[in-house]
Structures are given as C-alpha cells and as structure tokens.
Amino acid sequence: MIGVFDSGLGGLTVLRHFLVDYPQYDYIYLGDNANVPYGNKSPEIIYNYSQRAVDFLYSKGCKLIIIACNSASAQALRRLQQEYLPKKYPDLKVLGVVRPIAEKIAKNKNIKKIGIIGTKATINSDVYREEILQLRSDIKIFQIATPLLVPLIEEAWSKKPESKIILKKYLRELKMKQVQSLVLACTHYPFLLKEIKRIMGKRCLVFDPGKVVSDSLGDYLRRHKELDLKISKKGQYVFYVTDNITGFSELGKFFLGRELWPLEKACLKD
Ligand code: DGL
C-alpha cells in the first residue's frame, strides 16, 4: 500500500492525480482533521503530528508514504528521514512534495526568477528556497505566506470577488518583480489555478503541483523496482480521518473528484 498523508483534505488534490496515473496500486489516505490546519503551527508540533501519522500508516502496512501536505513536508520530512525512520522503520520510505517541485523548477533553464506562496509554516521553513538553490544557485526566489487562502477555499469562497481581491493583493509584489514562475506550495491552491494564472499573466509559468508530485512518484517507482514489488496492487483505497467523518466526506468529494469511501476514523497513538 501507498500511504498518503495530509493535515486534512488538501492532500486529496495530490491523491486524485495518483488515482488517475497509477490506479493499479492500493492507497491509504490519512487526513489529520483533528489537528488541521498545520500551516500556522510550530515546527515541533507539526513534526509530532507527522510522526504519529507515519506510525499509523506503517501499522496499516504501507511500504511507501507520501507526505502530500506542504507544511508537513517542509517542517517534518527531513527530520523523519534522517532521525526517525533509520531507527524505527529502516525499510520504510517517506517522500514529500518539496523535492519534486524544486526539480521541476530547476530543470527549466529559462527560469531565473520565481515566486513561492504557501502557508506560514512552509514559507518560514525556507525549505523550498534551500532545495531549489541546491539544484540551481542562479535562481532568485521571492516567498510570500498567504494564510488566508486555505480557509477561503475550504469555505468554497474561492470564486467570490472578496477572495479575488485578497489573492490579487497577495500576488501584487510577485507580479511587480516579474517572476517567471509561481510555485503553489500548498495543497489547496490548485483550486485557484485559473485565477492565479489570470493575475500573473501568460509569461508566468504556474502549474498544478499535484501533477508534478504524481509524475515524480511514477519516476521514483520505476527507479526503485524492489520497493515497487512490495506494494500491493489491487486498485483499492481507503480513507482515514482523526476527527469528524461527515464534514470531511462532503468537502472531500469536491477535493478528490470522487466519493470518499470507505471512510473510517483512525486512532493515532501518542
Ligand atoms: N495541507 C496544508 C499545506 O499544504 C494546508 C492546510 C493546513 O494548513 O494544514 O500546507
């Protein structure tokens, strides 16, 4: 099984690509809706939540876990990979969303100036900048935390004029800097893709990060055949949440583009 973990609903925008691109695998999705949002929490708390999620997904038989949440990828992934996994689960692989996106940017040699928008946790971590500069030191990076966007999207306000005004205000500086690409470093922002493209103009490359992560997963599995062989492939999936099931399933359907079923309550150990 492949585990997909997010603070709540957002990771479904990544899983939806996996289900289309690699429907043969079995997936477990875990949304930590008891603790959402992660985006304004401290690194220590985000790490603790992520560690519990890894324990849960491993106990369910996952051989590979994708942390679909940008805030958790930015604040917890490195520590999990470097400290926790080697000691506790040496055979388990956990990947995040930052590296695939950094690689996509770095590959495009025409890009010299980019913008990044995300939650406070993601932007404050500076992990996107570090990963991109590691691959290409000639790129100028401008980052802006855009914390109002997640609640607007979850309240289905993304098409309202008020949201467009807020978005425009957030993007003004990046537009003035004439960035050539804008990274949507948050699971929710693909819902604003059209409006963001309209504001930033045709010369600015804005892409759906879920698709990039999905392409990178395919590439990873092709390069790690021994791991691929261990992952069950019956085309089944199951969803877990840490709190309220009802609200999650309604909004989740909109995020995933299909019914969230079976959906169960997870008991995560402290
Ligand atoms: N999933 C989070 C992210 O991608 C957004 C929601 C939250 O703040 O937990 O950063």
Side-chain angles (χ1 to χ4, degrees), residues 3-18 29-54 57 65-78 80 94-102 116-129 131 143-158 163 166-167 170 182-193 196 206-214 216 239-244 247-248 251-252 254-256 260 268:
V4 180
F5 160 58
D6 183 64
S7 55
L9 291 155
L12 295 169
T13 64
V14 179
L15 179 66
R16 70 187 289 164
H17 288 282
F18 294 170
Y29 182 88
L30 174 65
D32 189 12
N33 60 341
N35 296 307
V36 73
Y38 282 13
N40 50 21
K41 299 217 163 62
S42 69
E44 201 52 35
I45 285 282
I46 296 175
Y47 176 74
N48 290 342
Y49 292 157
S50 305
Q51 197 189 61
R52 286 192 324 165
V54 165
L57 291 169
I65 296 172
I66 310 294
I67 300 186
C69 176
N70 283 262
S71 304
S73 291
Q75 294 284 6
L77 180 68
R78 269 191 205 160
L80 285 171
V94 181
L95 306 172
V97 292
V98 179
R99 189 73 188 184
I101 294 166
I116 302 174
I117 55 171
T119 64
K120 287 182 186 167
T122 298
I123 299 304
N124 291 344
S125 75
D126 218 23
V127 164
Y128 268 95
R129 184 201 300 272
E131 294 270 351
Q143 306 189 77
I144 294 184
T146 50
L148 293 174
L149 301 182
V150 166
L152 288 172
I153 293 161
E154 292 206 353
E155 290 303 321
W157 271 51
S158 49
S163 303
I166 291 169
L167 189 57
Y170 273 144
L182 178 67
V183 174
L184 308 187
C186 175
T187 48
H188 289 56
Y189 301 173
F191 288 107
L192 300 169
L193 192 62
I196 291 174
V206 193
F207 50 85
D208 183 337
K211 181 62 187 150
V212 174
V213 173
S214 184
S216 159
F239 302 88
Y240 283 95
V241 285
T242 51
D243 195 10
N244 189 355
F248 195 90
L251 209 51
F254 168 65
F255 271 63
L256 188 68
L260 265 69
L268 270 55

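For the numbers below, each heavy atom of this structure counts, side chains included, while hydrogens, waters and symmetry mates do not. Read the numbers this way: they start at 1 and go in the same order the structure lists the ligands and their atoms.
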Residue Cys186 vicinity, atoms of ligand 1 by number, heavy atom under 4.0 Å: 3 (C), 4 (O), 5 (C)

Suppose I only count heavy atoms of Ser7 and a 4.0 Å limit; which atoms of ligand 1 are within that range? 1 (N), 2 (C), 6 (C), 7 (C), 9 (O)

Backbone, side chain, both or neither: what part of Val36 comes under 4.0 angstrom of ligand 1, heavy atoms only? side chain

Side-chain contact, heavy-atom cut-off 4.5 Å: Tyr29 with Leu260? no

Could a heavy atom of Gly8 be found less than 4.0 Å from some atom of ligand 1? no

is_close_aromatic(Phe254, Phe191), centroid dist under 6.0 Å: yes

Close approach, Pro37 and ligand 1, non-hydrogen under 4.0 angstrom: yes

Would you say the side-chain atoms of Thr242 pair up with the backbone N or O of Ala34, donor to acceptor, closer than 3.5 Å? yes

Would you say Thr187 has any N or O atom under 3.5 Å from an N or O of ligand 1, going by distance alone? yes

Give the numbers and elements of all ligand 1 atoms closer than 4.0 Å to a heavy atom of Tyr38. 7 (C), 8 (O), 9 (O)

So for ligand 1, is Asp6 a polar contact partner (N or O within less than 3.5 Å, distance only)? yes

Verify whether one side chain among Asn35 and Tyr49 offers a donor that lies under 3.5 Å from an acceptor in the other. yes

So, applying side-chain hydrogen bond (donor to acceptor under 3.5 Å, both in side chains) with Tyr38, which one of Asp32, Asn70, Thr119 is it? Asp32

Taking atom types as modelled and ignoring hydrogens, do the side chains of Tyr189 and Thr146 form a donor-acceptor contact shorter than 3.5 angstrom? yes

Is the closest N or O pair between Gly39 and ligand 1 shorter than 3.5 Å? yes

Using modelled atom types and a 3.5 Å cut-off, is there a donor and acceptor pairing between side-chain atoms of Thr13 and backbone atoms of His188? no

Among protein heavy atoms, which sits nearest to atom 10 (O) of ligand 1, and what does the distance come to when rounded to 0.1 Å? Ser71 OG, 2.6 Å

